[in-house]
Amino acid sequence: MWIFGYGSLIWNPGFSYHDRRVARLDNWVRRFWQGSTDHRGVPGRPGRVVTLISELAGDCWGVAYNCEKSGSQRVMEKLDLREKGGYHRESVKLNFIDGSTTEGLVYVAGPDNSDYLGPADEADIVTQIILAQGPSGSNRAYLRNLANSLRSLSVSDPHVFSIESKVLAKISTQ
Ligand code: SIN
């Protein structure tokens, strides 16, 4: 079983696996459009975390983990609990760098979940991320970990890097 991570699952999968490979999803893009009230924010003051938005000709790079089939039920139960703040599982086609493909699972938070925030001005996203804090830590740390993880994979994501640079610029003037 392959599981694709594009957010916190990149730097903190929290389950064991026997292979980890950089992979790409086609026709999806990563966006800070999901509210987090259980990890990087609290009810009434949600943080912003990433979800996947369907976009023709878009793509999203992340990491695919290969787990033993025998342990897959336990892994999914663990991840279902962790991603319960609006995410559901979808089956997707994963593309590897060598051109091969496989089926995998990904957690997506769609516009119909109650924590979904959707698009906003970047300045507002930046302010929200700077202020938010939840049981898993600060929203700033989530952004920093994501941006650092993408750099370590040599992946470029203009949406994430633009928000990161604006957060850093704003913090430096505070
Ligand atoms: C993921 O990492 O694949 C899901 C979103 C998140 O937990 O940040």
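Along the sequence shown, residues carry numbers from 1.
Annotation: side chain of W2 is in contact with side chain of R21 (closest heavy-atom distance under 4.5 Å). Residues V49 and H39 have side chains not in contact (no heavy-atom distance under 4.5 Å, counting atoms from C-beta outward). Counting only heavy atoms from C-beta outward, the side chains of D80 and R89 approach each other to under 4.5 Å. Side chains of V63 and Y17 form no contact here, defined as non-hydrogen atoms less than 4.5 Å apart. Within the 4.5 Å cutoff, no side-chain heavy atoms of V75 are placed close to those of Y65. The shortest side-chain heavy-atom distance between I163 and H159 falls under the 4.5 Å cut-off. Using a 4.5 Å heavy-atom threshold, the side chains of V22 and W61 count as touching. For the pair K93 and D26, the minimum side-chain heavy-atom distance is 4.5 Å or more.
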Exercise for the section: Could you walk me through whether I3 and V106 pass side chain to side chain contact (heavy atoms under 4.5 Å, CB included), step by step? Expected result: CA-CA 6 Å; I3 295 175; V106 66; over 6 Å; no
Problem - Verdict with supporting geometry, I129 and Y142, side chain to side chain contact (heavy atoms under 4.5 Å, CB included) - result: CA-CA 9 Å; I129 288 176; Y142 178 98; over 6 Å; no
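L143 and V42 fall into different hydrophobic clusters, where Ile, Leu, Val, Met, Phe, Trp and Tyr side chains are chained together by heavy-atom contacts under 4.5 Å. Clustering ILVMFWY residues whenever any of their side-chain heavy atoms sit less than 4.5 angstrom apart, transitively, puts L153 in the very cluster that holds F161. Tracing side-chain contacts under 4.5 Å through hydrophobic residues (I, L, V, M, F, W, Y), one never reaches V50 starting from L131; they form parts of separate clusters. Residues I97 and L94 share a hydrophobic cluster, clusters being chains of Ile/Leu/Val/Met/Phe/Trp/Tyr side chains in contact below 4.5 Å. Criterion: ILVMFWY side-chain heavy atoms under 4.5 Å apart, direct or through other members. Under it, L52 and I125 are part of a common hydrophobic cluster.
A pairwise comparison of heavy atoms in R151 and E164 identifies NH2-OE2, 2.7 Å as the closest pair. The minimum heavy-atom distance linking S16 with C67 is given by the pair O-SG, 3.9 Å. Taking all atoms of both residues into account, the shortest heavy-atom contact from P46 to A132 is O-CB, 4.0 Å. When all heavy atoms of S138 and Q133 are compared, the closest pair comes out as CB-OE1, 3.6 Å. Nearest heavy-atom pair across S162 and S165 is O-OG, 3.1 Å. Annotation for A141 and R40: closest pair CB-NH1, 4.1 Å, computed over non-hydrogen atoms.
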Under 3.5 Å, which donor-acceptor pairs do the side chains of residues 6-13 form with other protein atoms, sequence neighbours left out?
| unit_1 | atom_1 | unit_2 | atom_2 | d |
| --- | --- | --- | --- | --- |
| Y6 | OH | Y107 | O | 2.6 |
| S8 | OG | R82 | NH2 | 2.9 |

Distance-only donor-acceptor hits, side chain of residues 108-117, under 3.5 Å, sequence neighbours excluded:
| unit_1 | atom_1 | unit_2 | atom_2 | d |
| --- | --- | --- | --- | --- |
| N113 | OD1 | Q34 | NE2 | 3.0 |
| N113 | OD1 | D115 | N | 2.9 |
| N113 | OD1 | Y116 | N | 3.1 |
| N113 | ND2 | Q34 | OE1 | 3.1 |
| N113 | ND2 | G110 | O | 2.6 |

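Evaluation of the side chain to side chain donor-acceptor pair (under 3.5 Å) rule for H88 yields E90 as partners, not counting sequence neighbours. In this view, D157 and R30 satisfy the side chain to side chain donor-acceptor pair (under 3.5 Å) rule, not counting sequence neighbours. Partners of R48 by side chain to side chain donor-acceptor pair (under 3.5 Å), not counting sequence neighbours, listed by chain and number: Q128. Qualifying side chain to side chain contact (heavy atoms under 4.5 Å, CB included) partners for V29, counting only residues two or more places apart in sequence or in other chains: R31, I53, E55.
Considering OG of S54 and CG of L25, their distance stands at 11.5 Å, rounded to 0.5 Å. How far CD of E77 is from OG of S72: 10.0 Å, rounded to the nearest 0.5 Å.
Formation of a donor-acceptor pair under 3.5 Å by the N27 side chain with backbone atoms of L56 is not found in this model. The closest donor-acceptor contact from the side chain of T173 to the backbone of K170 lies under 3.5 Å.
Aromatic rings from F4 and W28 are positioned such that their centres are separated by 6.0 Å or more.
The environment of R74 atom CZ is sparse: at most 12 non-hydrogen atoms of other residues, nucleotides or ligands sit within 6.0 angstrom.
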